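The figures here come from the full heavy-atom set of this structure, side chains too, leaving out hydrogens, waters and symmetry mates. One-based numbering along the sequence shown. What you see is a predicted model; the values in this text were computed from it and never measured. Read the numbers this way: they start at 1 and go in the same order the structure lists the ligands and their atoms.
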Amino acid sequence: MLQLKDVSGGYGETWVVKNISFHIRQGEIFSIVGPNGSGKSTLLKFIYGALPYDQGEIYVDGRPLHEYSQKELAKKVAVLPQHSTSAFSYTVRQIVSLGRYPHQKGWFHQETVEDEKIIEEAMKDTGVYEFQDQTMDALSGGEKQRVLLARALAQEPLILLLDEPTNHLDISYQISLLNTLKKWTKTKKLTVLAVLHDLNMAAMYSDRVLLLKDGEKKALDKPAYVMNKPLLEEVYRTELFRKEHPIVPTPLITLVPSMSSSHSSSPIDALQVTTGEDYVHIRSPFYWKTLSSAVIGAGFGWHRHFINRHVDKHYNADDPASEYRTYLKKLQIDIADTAGMMTAAQLDGGKMKRRVDEDGAVLVYATAGTGNAVDASLAYEKTSLPVTIGTINIWIFIQGSLTEAAFAQVLMTATEAKAKAMMDKGVVDPDTKTIATGTSTDSVLVAASGDDPTHEYGGTISPLGKKVAKAVYDAVSETLTNDEIRQKETT
Ligand SMILES: Nc1ncnc2c1ncn2[C@@H]1O[C@H](COP(=O)(O)OP(=O)(O)OP(=O)(O)O)[C@@H](O)[C@H]1O
């Protein structure tokens, strides 16, 4: 649909675009990204004929660009430029109607019923229909942008060129615009070429991305390959991080503010433990990166308050998370900073274990009740829900940074160590009468202080895994002993 072969050019003698080639297929969303001044807008200007290029050739729908008259080109290519001067005294509808101009015949450019239908559809799709009778000067920057997009759509082009289309738009219109474009690539076979500054928008919506630097092609591929940390760091000359989007299969690029992440003393030593009537509170002066199944703050997060709350064995709330938030408010602890667990087990039976070596320190805190002990291998036979006290909560604080793989491996290591502790203590599933591997409501939290060292692995025989396994085994074994003693005392 749109092909560039070795295109170079610029302003006067200096080429700001150098030897660019690509072929965009029909229905594709293709974006151009790159730092300021890398030649993105200039390349777009070549394609819509606003600036002559010095070398190479551009083909639109298979035909060389220079063979098109302006009107012929306007039937195939519509543009939403970065800076456009719009006629302020015209109404929205009049501006959008201009999009039909290349399709109208005769001297008077009479609007047909078909034209009217297309104009209305374009206004509706861009959310400007309700102010169609207002003049452009009465609109905000974002609204004007949407009117100009409606005009470009009314043109019914084969190819839509957009230069930073989301510039003035609030986030809901950014998403809505890109969703609309995506829809049109499917329903109308529209081909989209967009200059985008937002790498995440480019990654989420583009089929392919061209990365430019100083007018040259640095990469041209699917977003998963172009959004490559070392490559982007080199091109943008800044430190950034790549993560995977939590909902859709696309990379997410994030920036890191310049903050010192090293702590003056051991981060484990900086943890303060306080005990209330019905809770144990571990607080830190700084945030820890956590992965947990806590009631509050589950999943990946950043926290500096860790609460293990004791509740009565008959505790029953319709919405435990909401009830827990009310509880934290009463304690005047900031919910956003908190990972909070619950247990009906006695908190004073909890155990803390610390392990230190040259690779840093690990602190494990565990509480245990075993009334709901389960043998995982026979859990499929169970039909009843947990009714008695019985949760093992394990918190693992690790000095250093963890890769995502290490987080996953630490969870495995801790689970294996817990299961072995249960086995050695002879904890039995009350239904199956076989050795239990955990309880049905166990919860775990892994927290990393975020400074040095970086732990690549957390498996059982890695330096980190060895410390975690031993500390979890010891903490769980001892808290199980306490639970056992308590049960004997109460029976
Ligand atoms: N009209 C012009 N006359 C002379 N030089 C220009 C002109 N427009 C742009 N340039 C220069 O060409 C280079 C590429 O500019 P261009 O606008 O294509 O970059 P860009 O990648 O779109 O940048 P931005 O992200 O800042 O919009 C820059 O060095 C710029 O200064």
Side-chain angles (χ1 to χ4, degrees), residues 2-22 24 29-58 60 65-66 70 73 77-86 141-142 144-146 148-149 152 159-171 173-174 177-178 181 191-206 208-221 223 226-228 231-240 253-255:
L2 177 67
Q3 189 174 14
L4 271 75
K5 279 190 183 168
D6 261 334
V7 171
S8 302
Y11 309 87
E13 296 293 291
T14 334
W15 282 359
V16 296
V17 169
K18 298 159 199 161
N19 299 312
I20 299 298
S21 301
F22 55 78
I24 308 180
I29 297 189
F30 186 100
S31 52
I32 306 176
V33 300
N36 289 138
S38 55
K40 304 181 296 292
S41 299
T42 306
L43 188 55
L44 224 58
K45 284 183 204 162
F46 293 158
I47 300 169
Y48 63 84
L51 189 69
Y53 44 96
D54 296 327
Q55 185 186 285
E57 189 51 283
I58 297 176
V60 172
L65 186 66
H66 62 263
Q70 232 185 344
L73 189 64
V77 180
V79 190
L80 187 66
Q82 191 176 5
H83 307 287
S84 46
T85 45
S86 39
K144 280 188 197 123
Q145 183 90 333
R146 278 149 51 202
L148 296 175
L149 178 68
I159 303 166
L160 181 57
L161 306 178
L162 307 130
D163 198 350
E164 294 176 32
T166 53
N167 229 359
H168 295 286
L169 303 182
D170 69 41
I171 46 171
Y173 274 110
Q174 290 184 22
L177 171 109
L178 290 162
L181 293 177
T191 303
V192 175
L193 170 56
V195 168
L196 292 172
H197 264 301
D198 187 330
L199 295 175
N200 292 325
M201 287 291 184
M204 247 189 294
Y205 285 94
S206 312
R208 282 185 304 155
V209 179
L210 167 66
L211 174 66
L212 285 184
K213 188 192 178 194
D214 299 330
E216 290 176 18
K217 175 163 84 180
K218 292 297 290 182
L220 169 55
D221 217 320
V226 177
M227 301 304 159
N228 166 299
L231 175 66
L232 294 177
E233 284 186 334
E234 184 220 316
V235 169
Y236 285 92
R237 291 192 199 91
T238 187
E239 193 184 9
L240 38 82
I253 302 298
T254 51
L255 295 169

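Contact residues for ligand 1 (protein heavy atom closer than 4.0 angstrom to any ligand atom): Tyr11, Val16, Pro35, Asn36, Gly37, Ser38, Gly39, Lys40, Ser41, Thr42, Gln82, Glu164, His197.
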With side-chain hydrogen bond (donor to acceptor under 3.5 Å, both in side chains) as the test, would you mind laying out the steps for Ser41 and Asp163 before giving the verdict? CA-CA 7 Å; Ser41 299; Asp163 198 350; 2.8 Å; yes
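Checking side-chain atoms of Glu233 against main-chain N and O of Leu240 turns up a donor-acceptor pair under 3.5 Å. A donor-acceptor pair under 3.5 Å is formed between the side chain of Ser21 and the backbone N or O of Asp6.
Residues Val195 and Ser31 fail the side-chain proximity criterion, which asks for heavy atoms closer than 4.5 Å. A heavy-atom distance below 4.5 Å is not found between the side chains of Lys217 and Lys18.
A salt bridge links Glu234 with Lys218: at least one charged nitrogen is closer than 4.0 Å to a carboxylate oxygen.
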